[in-house]
Amino acid sequence: QVQLVESGGGLVQAGGSLRLSCAASGRTFINYAMGWFRQAPGKEREIVAHINWSGKNTYYADSMKGRFTISRDNAKNTVYLQMNSLEPEDTALYYCAASKYSYGLTSSTEYNYWGQGTQVTVSS
């Protein structure tokens with residue numbers, strides 16, 4: 001089992017920044033690729049970004065490229081999502097997730113463990 005706890009969400013004005021953190025405990029953190037997803041009311045859960053075990057390979061959904069940065073600190077068992085230039089459309093519940101797989105990782109079905117989510121609200 002891997003337990004994931006997100007933090008760092010909140011209310012921010014458009015154009016502002018937030019840094020989300022996801023602390024992992026349980027099984028060995030480096031064994032897992034990590035992803036951030038988000039889900040807005042009435043919409044499906046969507047991939048935001050993912051990162052491989054070493055942190056050297058990352059992926060971003062098109063609308064996040066250039067604004068969001070995913071990173072991880074394996075010594076701290078933590079993955080981060082730095083979000084800049086936030087827009088009202090970024091308002092959602094943000095989840096981190098852990099995956100045993102090394103490929104794909106853009107579908108929620110490829111992830112084995114999930115956190116409870118942290119709310120991000122961007123006002124216009």
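Worth saying up front: this structure is predicted, and the values here are computed from it rather than measured.
When the shell of 6.0 Å around CH2 of W114 is examined, it contains more than 12 heavy atoms from other residues, nucleotides or ligands.
To the nearest 0.5 Å, atoms NZ (K43) and CD (E89) are separated by 8.0 Å. The OG atom of S85 lies 13.5 Å from the CE atom of M64; values are rounded to the nearest 0.5 Å. To the nearest 0.5 Å, atoms CZ (F68) and CG (L18) are separated by 9.0 Å. Expressed to the nearest 0.5 Å, how far OH of Y60 lies from CG of L81 amounts to 8.0 Å. Distance CZ/R19 to OG/S17: 12.0 Å, rounded to 0.5 Å. Between the CD atom in Q39 and the CD atom in E44 there is a gap of 8.5 Å [rounded to 0.5 Å].
A single hydrophobic cluster is seen to contain both V122 and M83, as judged by linkage of ILVMFWY side chains at heavy-atom distances under 4.5 Å, directly or through other members. Hydrophobic clustering places V48 together with L86 (ILVMFWY residues linked when any side-chain heavy atoms are closer than 4.5 Å, directly or through intermediates). Hydrophobic clustering, with ILVMFWY side chains joined whenever heavy atoms are under 4.5 angstrom apart, keeps F37 apart from V79.
Formation of a donor-acceptor pair under 3.5 Å by the N112 side chain with backbone atoms of K100 is found in this model. Of the possible polar contacts, none joining the T118 side chain to the S7 backbone as a donor-acceptor pair under 3.5 Å is found. At least one donor-acceptor pair closer than 3.5 Å links the side chain of Y111 to the backbone N or O of L105.
For the residue pair R67 and D90, the shortest heavy atom distance occurs at NH1-OD2, 2.7 Å. A pairwise comparison of heavy atoms in A14 and S124 identifies CB-CA, 4.4 Å as the closest pair. Summarising the geometry of E6 relative to Y95, their closest heavy-atom pair is OE2-CA, 3.4 Å, with the distance given to 0.1 Å. Here the closest heavy-atom approach between residue A61 and residue I47 is recorded as CB-O, 3.5 Å. Minimum heavy-atom separation, R72 to N52: NH1-O, 2.9 Å. When all heavy atoms of N74 and W53 are compared, the pair lying nearest together is ND2-O, 3.0 Å.
For the pairing with M34, the side chain to side chain contact (heavy atoms under 4.5 Å, CB included) check across V2, L4, T78 returns one residue only, L4. The one candidate from L20, D73, I51, I70 that meets the side chain to side chain contact (heavy atoms under 4.5 Å, CB included) condition with Y80 is D73.
Using the six-membered ring where Trp is involved, Y59 and H50 have ring planes that are parallel, under 30° apart on the 30 and 60° scheme.
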